[in-house]
Amino acid sequence: MLKPQVHRSQSLKTQFPLSKPFLYGNGHGFLTIQSSPSLRRGPKIRVGFSPSKSIKSVASYAKKSCKVEAVVTVKPAVSTSKEDKFSESILLELVSSELDPKTGLEKPKIECYVYQAGTEKDGHLKYESEFEIPPGFGEVGAIFVENEHHKEMYLKDIVLDGFPNGPVNLTCNSWLHSKSDNEQKRVFFTNKSYLPAVTPNGLKKLRAEELATLRGNGQGERQTQDRIYDYDVYNDLGDSDRDSELARPVLGGKENPYPRRCRTGRPRCNTDPFSEERSSNFYVPRDEAFSEIKQTTFSVNTMYAALHTLLPALEAEMSHTDQRFPNFTAIDSLFTEGVNFSQFKTKGLQIAAGVISILTRLIFDSGKDILRFKTPDTIERDKFFCLRIYDYDEWPLKTALDPAIYGPQESKITVELIEKEIGGIMTVEEAIKQKKLFILDYHDLLLPYVEKVRQIKGTTLYGSRTVFLLTPSGTLRPLAIELTRPPMDGKPQWKEAYAPGWQSTGCWLWKLAKAHVLANDSGYHQLVSHWLRSHCCTEPYIIATNRQLSVMHPIYRLLHPHFRYTMKINALARQVLVNAEGIIESTFAPGKYSIELSSVAYDKQWRFDYQALPKDLISRGMAVEDPGAPHGLKLTIEDYPFANDGLVLWDAIKQWVTDYVNHYYPEASLVESKKELQAWWTEIRTVGHGDKKDEPWWPVLKTPQDLIDIITTIVWVTSGHHAAVNFGQYTYAGYFPNRPTVARINMPTEDASEEQWKFFMEKPEDALLNTFPSQMQAMKVMVILDVLSNHSPDEEYLGQDMEPAWGEDPIIKAAFEKFSGKLKELEGIIHERNADNNLKNRNGAGIVPYELLKPFSEPGVTGKGVPYSISI
């Protein structure tokens, strides 16, 4: 039993223990506050209410004071401090949404301490209290919360029940700092959404103050407990203070255009005044950090185990060798027999392998020192995956590069070569007219980097083009590959075209050329389609939303679930994935130029409007506008699983966003005249993506339809697009010969010596194995792809659970339920399509059903499931 305490408010009366529900107006209720890291998004503050059958008046609470009993359940972060006594309290201060009508000032807050009164089975601590709300206080609009423990806790929500108009909900999902760390109280607003102009007078000042807090002043180094959102360039990927070879260019600015990241304010390097020093502090605003349950769940724990334990241990043990796989049987044995580590005596490696095997599809037999990879579903399949293919309607093939620097512009893929491969069915002119020719073109993007990359030991690079034919069955058949090396080392330009010849030599040359193309595509996929278009370009949206839109703003509440955990994931990527000597540089073809190359792609290719799925398809010639066709588009390739499933998902998202936006903005003038909303969109364009601020393709924001289009694009990128490029990676690329990430030696036809040519002719399989990634590179990639393809047990899938704030409004609630129903329909549509024998790109012998855009999934590597956000 707790002893009564002295409280600040004279109107507050506390008695322990409590044995009866309070009488509040004409109803009975109780207040329960839970704060628990074991819950999905952390602690929970909730209020239960059991109304009396005699409730009649909705205004009675305003006419007289009423007692409120508080039952508070808390589970603070684990503390080892003896000073952090569980009996210490939490202070609540209720804020009225109304100003005092006589003085025009804020009404006095209602203060209430809550104290521990028991422990529940799951370790939650129960706090209880009783307090009075005076007459005329008005509607609760916000609550200040002060944590008087010595450690922070994660607060999920607050529910005040017992009011005649129904419960008052405050969704927090926030780490609550200790008063000993920061005496400033945290304010949480109710789940009611308000446009700025209709914000209750009692909350307007708080709304402005909270936004000012989140913006900060742009000064100083950010600390872990800070909640400040600000912008900076990518100047922390290198580590020149440790080694001059680890210097990397600053990304962001005229020389290397790039989206902005969250500012950390760390000191500058001693050797490079333009770059931040590397440290363990990869700051993200505290509310962007993982909840404790997220920290201990499947994917996140796996990521840390893989990147901080297993891979460094593997690399330390195998650093003496850059061995290739001796044969294809050795590659297959990774999935059948596993890797025998009995020769390695490092206990840390065995422990690391054991830890990660618990959390991924890797299997570690500690008794036999064996680490075995689970077999990907596509191991029997040889298929290009997620190619950035374009319809090609011009001939001959063209380049925009300067011939004085990069050599002759003429392509080796000639009309004669294509028509020979087509087999006389049609001419090139007819194939173009009928939209039968497609191209995968990495020529101009990669050719300027060929000479640089070739200076890196153990890798090589070509500019590449691959031409495909759309067959009558609806599948793409590769016709020719062109590989190009620019003039370098005193040698002229070299280029060659390869076709899938049937003779022995031509067949093996085709396989080698295909390995180079796939390595190029793997790098582009990871660096551009995945990292740049999903993770990197989304971070400015998150920063601007938190700086310019109050948590009470309906657009903030619409977007917030699509931003959950992304900044933390991006910070982790800067720490160990895209940094100098990180996983990407050590395992993908561009090596140390990987992220710099993504800057070139951003500069030359990225447009906000083309991130919308329909415009993306049209811009690549994969669709044309057709008002009479489903989704308003006619696909160039009718059996295009990503487009077919994606457009159904796109339409469902757009309808949900339309219903939501039109509810809050029934008139066009409401969009153009709203300063908070216009400041948000302006900051995204001119600061977050400031290097492209003057581009003419940016959408204007004047009407509700403009807002719908912008938000639908953002939501699509964070959900459908990211799911499609991420969660199938192990399924399609886990067997790395299908998707090598690096090509380590040149083609034997490029300036090859007589001895090199003889080796190729006598041992073509060895030449292919020499081209593939090394054993260390392959295992690194397989581990990382397994981790990235994993769904956490607490994954939050698009349309599955309603955000609490959405449920506050009956119209929004109904719109969400309609949206959720559409996604359940999509599940069935995809299942039916995968069972259709006529769809050869998703049904047939050796073909894995296309499920990447199935909205829901069970945990693990499933090759399906569309989360709300980029959370892994």
Side-chain angles (χ1 to χ4, degrees), residues 251 256-259 383-392 397 399-401 438-450 452-453 456 459-468 476 478 481-484 513-537 573 577-578 582-607 610-611 616-617 619-622 642 717 721-722 724-726 728-729 732-733 736 738-744 771 773 777 781 784-785 788 852:
L251 302 185
N256 297 293
Y258 219 56
K383 178 180 174 67
F384 288 82
F385 169 60
C386 259
L387 303 180
R388 188 76 172 165
I389 293 178
Y390 293 78
D391 169 41
Y392 199 75
L397 298 176
T399 175
L401 297 177
F438 296 83
I439 188 169
L440 178 68
D441 193 349
Y442 297 131
H443 181 276
D444 288 11
L445 180 66
L446 296 181
L447 200 62
Y449 282 87
V450 169
K452 297 178 182 179
V453 169
I456 303 172
T459 190
T460 191
L461 190 67
Y462 291 101
S464 67
R465 294 188 180 108
T466 308
V467 176
F468 299 83
L476 289 175
I481 291 172
E482 180 187 60
L483 301 178
T484 304
K514 192 166 66 172
H516 284 276
V517 171
L518 287 167
N520 288 352
D521 188 67
S522 293
Y524 185 91
H525 169 81
Q526 204 64 264
L527 295 168
V528 181
S529 299
H530 186 194
W531 163 251
L532 175 67
R533 292 184 63 194
S534 298
H535 291 258
C536 193
C537 287
L577 281 175
V578 300
I583 302 300
I584 298 297
E585 287 195 0
S586 62
T587 57
F588 284 81
K592 65 185 290 186
Y593 302 100
S594 292
I595 303 303
E596 181 183 334
L597 193 145
S598 74
S599 169
V600 176
Y602 176 72
D603 183 32
K604 296 182 180 297
Q605 299 177 359
W606 189 86
R607 295 176 48 155
Y610 283 5
Q611 305 315 299
D616 169 49
L617 296 172
S619 71
R620 294 191 286 121
M622 304 303 287
F642 166 71
V717 169
H721 172 81
H722 180 258
V725 299
N726 182 70
Q729 292 189 98
Y732 289 92
F736 73 87
N738 280 355
R739 298 282 299 173
T741 57
V742 64
R744 297 195 299 152
T771 303
Q777 287 173 323
V781 170
I784 292 304
L785 294 187
L788 294 178
L852 290 177

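For reference, positions follow the sequence shown, starting with 1.
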>> Under a 3.5 Å threshold, yes or no: a donor from one side chain and an acceptor from the other, between Asn738 and Tyr732?
In response: no
>> Can a donor-acceptor pair be found, under 3.5 Å and without considering hydrogens, that links the side chain of His525 to the backbone of Val725?
In response: yes
> How close do Ala601 and Val528 get, heavy atom to heavy atom, and via which atoms?
Replying inline: CB-CG2, 3.6 Å
>> Going by the rule ring pair (Phe, Tyr, Trp, His ring centres under 6.0 Å), which residues pair with Phe588 if we only count those two or more places apart in sequence or in a different chain?
In response: none
>> I want to check something: taking the side chain as every heavy atom from C-beta on, are Pro590 and Ile584 in contact at a cut-off of under 4.5 Å?
In response: no
> Atom CG in Asn256, atom OG in Ser599: separation rounded to 0.5 Å?
Replying inline: 4.5 Å
> So how far is it from His721 NE2 to Asp616 CG, rounded to the nearest 0.5 Å?
Replying inline: 8.0 Å
> So, does Asp603 use its side chain to make a donor-acceptor pair with the main chain of Pro257 at under 3.5 Å?
Replying inline: no
> Distance only, no hydrogens: is a donor on one side chain within 3.5 Å (strictly under) of an acceptor on the other, for His535 and His530?
Replying inline: yes
>> Among residues at least two apart in sequence or on other chains, which ones pass side-chain hydrogen bond (donor to acceptor under 3.5 Å, both in side chains) with Tyr449?
In response: Glu596
> Backbone N or O of Trp531 within a donor-acceptor pair of the Ser534 side chain at under 3.5 Å?
Replying inline: no
>> Please evaluate residues Arg739 and Asp521 with respect to the criterion side-chain contact (heavy atoms from CB on, under 4.5 Å), reporting the C-alpha separation (whole Å), side-chain torsions for both, the decisive distance (0.1 Å), and the verdict.
In response: CA-CA 8 Å; Arg739 298 282 299 173; Asp521 188 67; 2.9 Å; yes
>> To the nearest 0.5 Å, what is the distance between CZ on Phe736 and CD on Gln777?
In response: 10.0 Å
>> What verdict does the side-chain contact (heavy atoms from CB on, under 4.5 Å) test give for Leu852 and Phe642, after you've listed the backbone C-alpha separation in whole Å, the side-chain angles of each residue and the deciding distance to 0.1 Å?
In response: CA-CA 8 Å; Leu852 290 177; Phe642 166 71; over 6 Å; no
> Can Asp391 and Phe438 be said to form a side-chain contact (heavy atoms from CB on, under 4.5 Å), step by step?
Replying inline: CA-CA 4 Å; Asp391 169 41; Phe438 296 83; 3.8 Å; yes
> What are the two closest heavy atoms between Leu461 and Ala589, and how far apart are they?
Replying inline: CD1-CB, 4.3 Å
> Closest heavy-atom contact between Trp606 and Cys537?
Replying inline: NE1-SG, 3.5 Å
> Is Arg620 reaching over with its side chain to a backbone N or O of Ile389, donor-acceptor style, under 3.5 angstrom?
Replying inline: yes
> Any idea which heavy atoms bring Val453 and Thr459 closest together, and the distance?
Replying inline: O-CG2, 3.6 Å
> Any side-chain heavy atom of Gln729 sitting closer than 4.5 Å to one from Gln526?
Replying inline: yes
> Taking atom OH of Tyr524 and atom CG of Leu445, what is their separation to the nearest 0.5 Å?
Replying inline: 7.0 Å
> What distance do Asp441 atom CG and Leu446 atom CG have between them, rounded to the nearest 0.5 Å?
Replying inline: 9.5 Å
> So, for Ser464 and Asn520, which heavy atoms are closest and what is the spacing to 0.1 Å?
Replying inline: OG-ND2, 2.9 Å
> Does the Thr771 side chain pair with the main chain of Arg744, one donor and one acceptor, at a distance under 3.5 Å?
Replying inline: no
>> Looking only at side-chain N and O atoms, does Ser598 offer a donor or acceptor that is under 3.5 Å from a partner on Tyr258?
In response: yes
> Atom CG in Leu483, atom NE2 in His443: separation rounded to 0.5 Å?
Replying inline: 10.0 Å
> Does the side chain of Thr399 come within less than 4.5 Å of Arg465's, by heavy atoms?
Replying inline: yes
>> Using the rule given for side-chain contact (heavy atoms from CB on, under 4.5 Å), can you reason through Thr460 versus His516, listing the C-alpha separation, both sets of side-chain angles and the distance that settles it, and then say yes or no?
In response: CA-CA 9 Å; Thr460 191; His516 284 276; 3.7 Å; yes
> Taking only residues two or more places apart in sequence, or in another chain, which ones meet Lys604 in a side-chain contact (heavy atoms from CB on, under 4.5 Å)?
Replying inline: Val600
>> Restricting to non-hydrogen atoms, name the atom on Thr587 and the atom on Thr741 that form the minimum distance, rounded to 0.1 Å.
In response: O-OG1, 2.5 Å
> Is there a donor-acceptor contact under 3.5 Å from the side chain of Glu585 to the main chain of Gly582?
Replying inline: no
